[in-house]
Amino acid sequence: MAYNFKKIEAAWQKVWAKNKHKIWAAEDQSVKPKQYVLDMFPYPSGEGLHVGHVEGYTASDVYSRFMRMNGYNVVHPMGWDAFGLPAENYAIKTKQHPEKVVKKNVKRFQEQLQSLGFSYDWQREINTTDPEYYKWTQWIFVQLFKKGLAYEAELPVNWCPKDKTVLANEEVVDGCCERCGTAVERRNLKQWILKITAYADRLLNDLDGLDWPERVKEMQRNWIGRSEGAIIKFQVVSSKFQIEVFTTRPDTLAGVTYMVLAPEHPLIGKLVVNAENVKEIESYIQKSKNKSDRERQENKEKTGVALKGVMAVNPISQEKIPVWIADYVLAQYGTGAIMAVPQHDERDREFAEAFHLPIIDKPLIDKETAIQKAGGVKKVNFKLRDWIFSRQRYWGEPIPIIKCPTCGNQPVAEEDLPVKLPNVKNYEPTGNAESPLAAITKWVNVKCPKCGGDAKRETNTMPQWAGSCWYYLAYLMRGISNFQFPISKYKEVFDHWLPVDLYLGGVEHAVLHLLYARFWHKFLFDIGVVSTSEPFKKLVNQGLILGPDGQKMSKSKGNVVSPDEMVEKFGADSLRLYEMFMGPLEDAKPWDPTGIVGVHRFLGRIYNLALKIQNPKSKIQNSKLDQLLHKTIKKVTEDIQGFHFNTAISALMILLNEIEKQPEAAAAHVPTIAKLLFPLAPHLAQEVWKMLGNKGLLDHEEWPKYEKALIEDAEFELVIQINGKVRDHVMVKKGIGQSEAEKLTLNREIVKKWLEGKPPKKIIFVKDRLLNVIV
RNA sequence: GCUCGGGUGGCGGAACGGCAGACGCAAUGGACUCAAAAUCCAUCGAUCGCAAGGUCAUGAGGGUUCAAGUCCCUCCCCGAGCACCA
């Protein structure tokens, strides 16, 4: 009988689905040690699950099942990150409510995940678009507002003209919208902003204690971009104004030959009246304003204009130096002005060469002395900017603020949360600073919670990233009650489960979600909601699965592999096993369409082996096989702990190859194989377990232990080298001494031949390994 | 330009400084079959040799070592991230 994976998988999935998958329910109170295994939850897109999802979700499932069998109380939840542009754009196109689209997509994702046999605690399922969920997203916003960490300000922001919304700095890649690729424009708009910069130092310093991939930590470090320097003031000649600059190189102060202001610098308006070339200056400023950020970045050729007649004084040399305006100086960083040291700074040199400014070589001064002499103050600067938090779109959490003409911005009270998204006729963005919600006057017009007068609701919504900033807490809250106030109810479960022990997902969230979530978590720590300063202790990134052509999978390239198709053709176990076998979890690797056949055959052979066992109670042993079995237990255990699933699988394959040579001993060994295989290929492992006459679920079985004494070999193959090259082998007993090994070696024909009767020059002996004869 | 990762058979990949290429795919030959598929068995880095066996091989070149894919130096190539951040 052939390995009927369809029948087997359907049957066991039915068993698991009983009682809402209660076999995988985590216990909030347990004497067992806890383990929080978290997947980055998916955006339930219309395309369904991707093989990349399957990779990460399989890895975390293998680990969860393994930890359960090792006696841990594991919480392994799943949910949906369902707010955001794709659902909304789809809604606009098809005139359907995004909620309907999300519902449909979620159903598909649930079916797909269950068809792969993932052991999620489905009772804790969450959806960020559920009002009971976003009630809490709004609650956290209110807390941020109350602590002054959410504020409104008008500032130049990134505007995507296609999606018609503001974007955060993190959402702009190479000057383009991260979602749609359209070049981003700069607009001055009043926006809600979260003060992530208040946490810059802690976000940076606490990275050191995290068990995360070094490259992700490095990306966050670069993004936060801390630099130490000083603020130094330069007096403008015959004027009351001073130009402030930030520099990391006060030691080069003597070499400053000119200064540069960013075109947006507020002082320009005041200085320009004294300049001789007002028209020229105005035209330059206008020109740079018209440039998009992308154009400014692309054009590395330096442009600029002098403030003719305006001079500043070098505080060290007292020399008068010219003042220029140039757009290579950024308004948003430092003070928006620089002191230029063309001798030491490449950009300053380029500019000086282009505009024939002096380049002088003065000796460096001691840093401290320079700051003191120039009357400066030490200052730490960050590249990180505050998080622009409003979006002018429909499908997001409404910002829970009421705008009162007399009282100003008032937060919505806890008992009035959630502020539900109203139904609208048109989801189309308005194209100005308001979301489509602004058109719903019935919803917009409210009474001020403070004075009771007429007021209006904030109509902007939160960005895509809001809901995912705290979802790992939501799973825990879900366990005890349905998201009820007050927050203190949840203190105990947070303290029990946090931090997340293992967080698995793609590297693409390195500076977005992972930075935002750390920020919110630290805030929640500060206000006493959680007791750990970091949310995710260990992070593992799965590598990208590339198309068979080695290119990134994309619809346009036609190289997308569908998990559904693989499940249909080879089964869930084969797909899971293949994705784990392809290569190291963290590496990018191409999909080999024929490769899955190999693991499928392996599973089929295990099934056939179990089928052939006549007497499952047979105790026929084979000492060599038994030893290999225990070595395999050791290898698989250590490899799963270290996420080396590919080598764990190959160890199981080696074991099977050997057992097939001694089928009479199979009955004694196959049950252990079933246990070892269970985390990786749960359906077949469970089926084999049953075929061998066992009742019950492998979920409740204990992970096999190996016997140390058994895996110790009595003998080993001594490698004999002549001049470092392998020439011979001989089986000897373990622990053999050097003199005995030498005697044995020098008597061997091959060695005698190489020695040609001469005595060896030198002999290297490595215990229980090799003997190297130097001739 | 800067910062991280990487370069090992036809392919995916193994390898505490100690037998390079485990395991799998593909390929080739064979068994079974009227035939094919499936399955099973064998071979499978290159090269010289009838064979025994030898030689060369982990991006390139040097070095350390009895011994280097692994450690050190120089360079080349690929991937990712950052990029006028003062």
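Order of the sequence lines fixes the chain letters, A, B, ..., with proteins taken first and strands second; residue numbering starts at 1 for each chain.
Using the Watson-Crick or G-U wobble rule with both distances under 3.5 Å, C50(B) pairs with nothing in any strand shown. Remark: A31(B) base-pairs with U39(B). Criterion, Watson-Crick or G-U wobble with two distances under 3.5 Å. Under the Watson-Crick or G-U wobble criterion, with both distances below 3.5 Å, C25(B) is paired with G10(B). Across the strands present, G18(B) finds its partner in C66(B); the criterion is a Watson-Crick or G-U wobble pair with both atom distances under 3.5 angstrom. The partner of A60(B), taking Watson-Crick or G-U wobble pairs whose two distances both stay under 3.5 Å, is U74(B). Under the Watson-Crick and G-U wobble criteria, each requiring two contacts below 3.5 Å, nucleotide G1(B) is paired to C82(B).
The distance from atom CD1 of I722(A) to atom P of U55(B) is 12 Å, rounded to the nearest whole Å. Counting to the nearest Å, the P atom of C82(B) and the CD atom of E178(A) are 11 Å from each other. Per the geometry, CD belonging to E586(A) stands 17 Å off P belonging to A80(B), to the nearest Å. Between Y328(A) atom OH and C84(B) atom P there is a gap of 13 Å when expressed in whole angstrom units. Following rounding to the nearest Å, R349(A) (CZ) and G1(B) (P) show an atom-to-atom distance of 16 Å. Going from atom CD of E350(A) over to atom P of G1(B) covers 13 Å, rounded to whole Å. Whole-Å rounding puts the I224(A) CD1 to C82(B) P distance at 14 Å. Rounding to whole angstrom units, NZ of residue K767(A) and C1' of A67(B) are separated by 21 Å.
Base contact: V329(A) has a heavy atom under 4.0 Å from a base atom. Contact annotation for K383(A): base contact, defined as any heavy-atom pair under 4.0 Å involving a base atom. Nucleic acid contact for R727(A): sugar-phosphate only, since backbone atoms but no base atoms lie under 4.0 Å from a heavy atom of the residue.
Comparing C25(B) with C76(B), their C1' atoms sit 31 Å apart, to the nearest whole Å. Nucleotides A68(B) and C16(B) place their C1' atoms 14 Å apart, quoted to the nearest Å. If you take atom C1' in A60(B) and the same atom in A51(B), they sit 37 Å apart, rounded to whole Å. Separating the P atom of G61(B) from that of C56(B) is a span of 14 Å, rounded to the nearest Å. G59(B) sits 13 Å from G10(B) when the P atoms are compared, rounded to a whole Å. Nucleotides G9(B) and G54(B), compared at atom P, are 24 Å apart to the nearest Å. Rounded to the nearest Å, the gap between the P atom of G6(B) and that of A86(B) is 28 Å. Between G24(B) and A80(B), the two P atoms lie 32 Å apart (nearest whole Å).
Along RNA chain B, the nucleotide closest to E214(A) and the one closest to I774(A) are compared, and the more 5′ of them pairs with E214(A). Annotation: of the two residues near RNA chain B, A337(A) and K762(A), the 5′-most nearest-nucleotide partner is K762(A).
Under the 3.5 Å distance criterion, with hydrogens and angles disregarded, no donor-acceptor pair is assigned to the side chains of N381(A) and S227(A). A donor-acceptor contact closer than 3.5 angstrom is absent between the side chains of W212(A) and Q220(A).
Side-chain nitrogen and oxygen atoms of K725(A) include at least one within less than 4.0 Å of the OP1 or OP2 phosphate oxygen of C56(B).
Aromatic ring centres of F351(A) and Y258(A) lie closer together than 6.0 Å.
Contacts of T637(A) classified as side-chain contact (heavy atoms from CB on, under 4.5 Å), with partners at least two apart in sequence or in another chain: F66(A), I633(A), Q641(A), W703(A). For I360(A), the side-chain contact (heavy atoms from CB on, under 4.5 Å) partners are T257(A), K362(A), not counting sequence neighbours. Considering only residues two or more places apart in sequence or on other chains, V62(A) meets the side-chain contact (heavy atoms from CB on, under 4.5 Å) condition with T58(A), R576(A), I640(A), F645(A), P679(A), L680(A). Not a single ring pair (Phe, Tyr, Trp, His ring centres under 6.0 Å) links F716(A) to another residue, sequence neighbours left out.
Nearest heavy atoms, G376(A) versus I232(A): CA-CG1, 4.1 Å.
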Across nucleotides 10-25 of chain B, 5' to 3', mark each nucleotide with B, S or - according to how protein heavy atoms within less than 4.0 Å reach it. --BSS-B-BB--BBSS

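Taking 3.5 Å as the limit, the base of C84(B) and the side chain of K302(A) contain a donor-acceptor pair of atoms between them.
Within the structure, salt bridge (charged side-chain N to carboxylate O under 4.0 Å, His left out) contacts touching residues 595-610 of chain A (residues at least two apart or in different chains) are R605(A)-E660(A).
Annotated as anti: G63(B), whose glycosidic dihedral deviates from 0 by more than 90°.
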